[in-house]
Amino acid sequence: MNSHSDTKTVTFLTPSELAQRWKLTPMTLRRWRRSGKIQAHHLGRGIRFSLADIEKIEAESKA
(Lines give C-alpha, C1' and ligand atoms only; values in the text may rest on other atoms or scores of the structure.)
Protein backbone atom coordinates (compact mmCIF):
# COMPACT_ATOMS: atom_id res chain seq x y z
CA MET A 1 0.00 0.00 0.00
CA ASN A 2 1.46 3.36 -1.01
CA SER A 3 1.13 6.36 1.22
CA HIS A 4 1.37 9.98 0.17
CA SER A 5 4.52 10.39 2.27
CA ASP A 6 6.37 8.15 -0.23
CA THR A 7 5.80 10.63 -3.04
CA LYS A 8 8.71 12.88 -4.00
CA THR A 9 8.09 16.42 -5.15
CA VAL A 10 10.48 17.59 -7.84
CA THR A 11 11.06 21.31 -8.27
CA PHE A 12 11.95 22.73 -11.66
CA LEU A 13 13.35 26.08 -12.75
CA THR A 14 12.57 27.85 -15.99
CA PRO A 15 15.47 28.95 -18.19
CA SER A 16 14.80 32.53 -17.11
CA GLU A 17 14.91 31.62 -13.41
CA LEU A 18 18.15 29.68 -13.81
CA ALA A 19 19.70 32.46 -15.90
CA GLN A 20 18.98 34.92 -13.09
CA ARG A 21 20.29 32.51 -10.44
CA TRP A 22 23.58 31.97 -12.30
CA LYS A 23 23.77 35.51 -13.77
CA LEU A 24 23.84 34.18 -17.33
CA THR A 25 21.75 34.82 -20.41
CA PRO A 26 19.08 32.31 -21.43
CA MET A 27 21.03 31.93 -24.71
CA THR A 28 24.05 30.64 -22.78
CA LEU A 29 21.85 28.07 -21.05
CA ARG A 30 20.42 27.05 -24.41
CA ARG A 31 23.93 26.51 -25.80
CA TRP A 32 24.98 24.52 -22.73
CA ARG A 33 21.83 22.38 -22.97
CA ARG A 34 22.42 21.65 -26.65
CA SER A 35 26.09 20.79 -26.07
CA GLY A 36 25.19 18.47 -23.17
CA LYS A 37 26.91 20.58 -20.51
CA ILE A 38 23.66 20.83 -18.56
CA GLN A 39 20.64 18.53 -18.52
CA ALA A 40 17.14 19.88 -19.19
CA HIS A 41 13.69 18.33 -19.17
CA HIS A 42 10.90 18.90 -21.67
CA LEU A 43 7.66 19.49 -19.79
CA GLY A 44 4.86 20.09 -22.23
CA ARG A 45 6.10 22.72 -24.63
CA GLY A 46 8.61 24.17 -22.19
CA ILE A 47 12.14 23.47 -21.05
CA ARG A 48 12.81 23.12 -17.34
CA PHE A 49 15.86 22.44 -15.21
CA SER A 50 15.64 20.21 -12.15
CA LEU A 51 16.52 22.09 -8.97
CA ALA A 52 18.20 18.93 -7.62
CA ASP A 53 20.43 18.78 -10.73
CA ILE A 54 21.24 22.49 -10.43
CA GLU A 55 22.15 22.18 -6.73
CA LYS A 56 24.36 19.18 -7.54
CA ILE A 57 26.22 21.19 -10.21
CA GLU A 58 26.62 24.10 -7.79
CA ALA A 59 28.01 21.82 -5.07
CA GLU A 60 30.46 20.20 -7.49
CA SER A 61 31.68 23.57 -8.72
CA LYS A 62 32.47 24.66 -5.15
CA ALA A 63 34.47 21.50 -4.41
Side-chain angles (χ1 to χ4, degrees):
M1 183 187 258
N2 288 339
S3 69
H4 291 287
S5 63
D6 293 340
T7 309
K8 283 178 133 181
T9 302
V10 180
T11 303
F12 291 98
L13 300 176
T14 65
S16 178
E17 291 169 337
L18 182 55
Q20 287 179 341
R21 181 179 178 126
W22 282 356
K23 296 176 178 62
L24 301 170
T25 65
M27 178 59 78
T28 299
L29 291 175
R30 187 176 303 126
R31 288 185 190 121
W32 288 1
R33 179 175 52 85
R34 289 180 177 165
S35 72
K37 187 173 181 176
I38 188 170
Q39 183 180 6
H41 304 273
H42 294 269
L43 298 176
R45 293 174 55 176
I47 300 292
R48 298 292 184 266
F49 299 94
S50 165
L51 182 58
D53 291 344
I54 298 309
E55 289 174 341
K56 182 178 176 185
I57 292 168
E58 291 171 347
E60 290 171 356
S61 71
K62 290 180 182 178

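Counting from 1, the numbers follow the sequence of the chain as shown. Quantities reported herein were computed from a predicted structural model and do not represent experimental measurements.
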Using residues 45-63 as the side-chain source, report each donor-acceptor pair under 3.5 Å to any protein atom, sequence neighbours left out, with the distance given to one decimal.
| residue | atom | partner | partner atom | Å |
| --- | --- | --- | --- | --- |
| S50 | OG | A52 | N | 3.3 |
| S50 | OG | D53 | N | 3.4 |
| E58 | OE1 | R21 | NH2 | 3.0 |
| E58 | OE2 | R21 | NE | 2.8 |
| E58 | OE2 | W22 | NE1 | 2.7 |
| S61 | OG | E58 | O | 2.9 |

Show me, pair by pair, the donor-acceptor contacts under 3.5 angstrom made by side chains of residues 30-41, not counting sequence neighbours?
| residue | atom | partner | partner atom | Å |
| --- | --- | --- | --- | --- |
| S35 | OG | R31 | O | 3.3 |
| S35 | OG | W32 | O | 3.1 |

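In this structure, L43 shares a hydrophobic cluster with V10, F12, the cluster being traced through Ile, Leu, Val, Met, Phe, Trp and Tyr side chains under 4.5 angstrom apart.
For T28, the side chain to side chain donor-acceptor pair (under 3.5 Å) partners are T25, not counting sequence neighbours.
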